[in-house]
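The next block holds one structure in the form of structure tokens; read it before the comments.
Numbers restart at 1 for each chain; the letters A, B, ... are given by sequence-line order, proteins then strands. Bear in mind the structure is a predicted one, so any value in this text is a computation, not a measurement.
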Amino acid sequence: MKIGYPCINRTLGCVGARTFRLRNYSLDRLDEAVRNNLECLETMLRFNVEHGVLFFRITSDLVPFASHPDVEPLWVNRYADELRRIGSFIRAYDVRIDMHPGQYTLLNAKETRIVENAIRDLEYHCQILDQMGLDKTAKVQIHVGGVYEDRSASMGRFAEAFGELAAPIRRRLAIENDERSYPLADCLEISEATGCPVVFDVYHHSLLNQDEPLHEALIAAAETWEVTDGLPILDYSSSLPGGRFGRHADTLDPEDFEQFLRRTYPYDFDVMLEIKDKEISALRAVAVAQNDPRFVG
DNA sequence: AATGGTCAAGTCAGC
DNA sequence: GCTGACTTGACCATT
């Protein structure tokens, strides 16, 4: 069990997701942003390794606008050396990596233009991981998408689009249960049809479920992972006290996390903490997990 | 230097 | 049919 956090580290001074407004786009600006982002990524990875955090989500903004038609042909191959070097570091310290494209990446959209954009976006994410020389345990996790007033047809469109993806993309994908449209049971059904592993989001599951007990849900999700996919990934967070539906907590509640570790014992997985204060919570989680025989840091 | 409006993209609820 | 929430960090124009 490795513990990780997504994309950003506020303890270190660097900004790892520098971007720019598209109207201000230039090759110089792109270079400046990407070189800065890669340097910061390396700094964050070093910090993580020093602190027992061996799981990390790389931001989708690593190369801003990477799947934009004007930008895409320029960036591929442009940063290959840097990506290879960072990849070597990741492999040397056996760091688990994932990426998580945003809400606009919809494989099951009805409009072909949207699906095409989604595929280009997935190509970008996979290119980054490929150029780092990472195997398929480095996952790109996405949500199933919209319901479009017909759940089963929309799940069918996802499975169909998935089947048509190029192999280098298909092998990296994982689907995650969400909190408003597709609960775990739907993801498992899609997984059955596609072979795509399921990232189990504990918090989403608490908001949208079919009353499965935690350990049952955990086992079912874990069974969708082949050995070559790596340890199952689990997204952990809790609700913001007093916050609106679905809001993530500002910081880790160590007692809640300790209870979570107890309740999931002895099942093994890598834990991504989706919590606002990022590395602060990750370090606290690492401290809590020190006594757990599953923990690797 | 600080502030607040705005930013590629889509869906869905609410009017 | 249209508008705004969703969620959220960073950019950038304005002061």
Side-chain angles (χ1 to χ4, degrees), chain A residues 5-26 28-37 39-41 44 57-75 99-125 140-151 153-155 157-158 161 175-183 186 201 203-204 207-208 235 237-240 242-251 272-281:
Chain A
Y5 63 95
C7 308
I8 291 165
N9 180 310
R10 280 183 241 275
T11 303
L12 299 162
C14 68
V15 174
R18 276 192 56 190
T19 180
F20 45 81
R21 294 294 147 86
L22 203 49
R23 85 166 90 84
N24 300 322
Y25 169 72
S26 72
D28 277 351
R29 269 201 139 95
L30 180 72
D31 270 340
E32 199 186 331
V34 175
R35 298 239 142 83
N36 166 82
N37 292 346
E39 197 174 310
C40 184
L41 172 61
M44 293 191 284
R57 178 174 299 164
I58 296 177
T59 176
S60 294
D61 287 332
L62 192 69
V63 180
F65 308 106
S67 62
H68 189 285
D70 294 342
V71 179
E72 193 269 337
L74 294 173
W75 82 262
M99 296 184 84
H100 193 353
Q103 68 205 104
Y104 303 111
T105 303
L106 295 160
L107 270 188
N108 79 343
K110 292 165 106 168
E111 255 181 85
T112 48
R113 180 185 56 85
I114 296 170
V115 178
E116 284 163 8
N117 289 347
I119 293 170
R120 279 216 315 282
D121 193 45
L122 294 175
E123 277 167 353
Y124 150 63
H125 285 85
V140 173
Q141 67 184 75
I142 56 174
H143 292 290
V144 177
V147 173
Y148 308 93
E149 298 176 312
D150 186 340
R151 174 176 305 273
S154 297
M155 287 165 65
R157 273 200 313 282
F158 183 96
I175 47 174
E176 176 193 341
N177 59 304
D178 67 73
E179 78 280 37
R180 55 176 74 247
S181 301
Y182 291 101
D186 289 340
D201 187 308
Y203 179 44
H204 291 162
L207 298 171
L208 182 68
D235 286 353
S237 62
S238 48
S239 63
L240 179 68
R244 266 198 294 262
F245 176 87
R247 290 287 298 275
H248 286 181
D250 289 336
T251 192
M272 176 55 61
L273 302 171
E274 295 190 325
I275 298 174
K276 273 222 177 56
D277 65 1
K278 316 282 181 187
E279 82 286 355
I280 305 286
S281 284

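Listed nucleotides C:dC11, C:dC12, C:dG9 differ in distance to A:Ile8; the shortest reach to its side chain belongs to C:dG9. Of the candidate nucleotides B:dG10, C:dA10, C:dC12, C:dC12 has the atom nearest to the side chain of A:Phe20. For A:Tyr148, the listed nucleotide lying nearest its side chain is B:dG10; candidates were B:dG5, C:dT8, B:dG10. Of the listed nucleotides (C:dA10, B:dC12, C:dC12), C:dA10 has the atom at the smallest distance from the side chain of A:Val15. For A:Leu22, whose side chain is taken as the heavy atoms from C-beta onward, the closest listed nucleotide among C:dC12, B:dG10, B:dA8 is B:dA8.
Not a single donor-acceptor pair under 3.5 Å links the side chain of A:Arg18 to the backbone N or O of A:Ala33.
Between C:dC6 and A:Arg180, no contact under 4.0 Å exists linking OP1 or OP2 to a side-chain N or O.
Nucleic acid contact class of A:Lys276 (heavy atoms, under 4.0 Å, all strands): sugar-phosphate only. Heavy atoms of A:Arg10 sit under 4.0 angstrom from primed sugar atoms or phosphate atoms, though from no base atom. Counting any heavy atom pair closer than 4.0 Å across all strands shown, A:Asp121 reaches no nucleic acid atom.
Across all strands shown, B:dA2 forms a Watson-Crick or G-U wobble pair with C:dT14, both key distances being under 3.5 Å. With a cut-off of 3.5 Å on both pairing distances, C:dT7 has no Watson-Crick or G-U wobble partner at all. Searching all strands for a Watson-Crick or G-U wobble partner of B:dA9 with both distances below 3.5 Å returns nothing.
B:dG10 has no base stacking with the ring of A:Tyr104 when judged by centroids under 5.5 angstrom apart and an interplanar angle below 30°.
The residue among A:Glu179 and A:Cys14 whose nearest nucleotide of DNA chain C lies closer to the 5′ end is A:Glu179.
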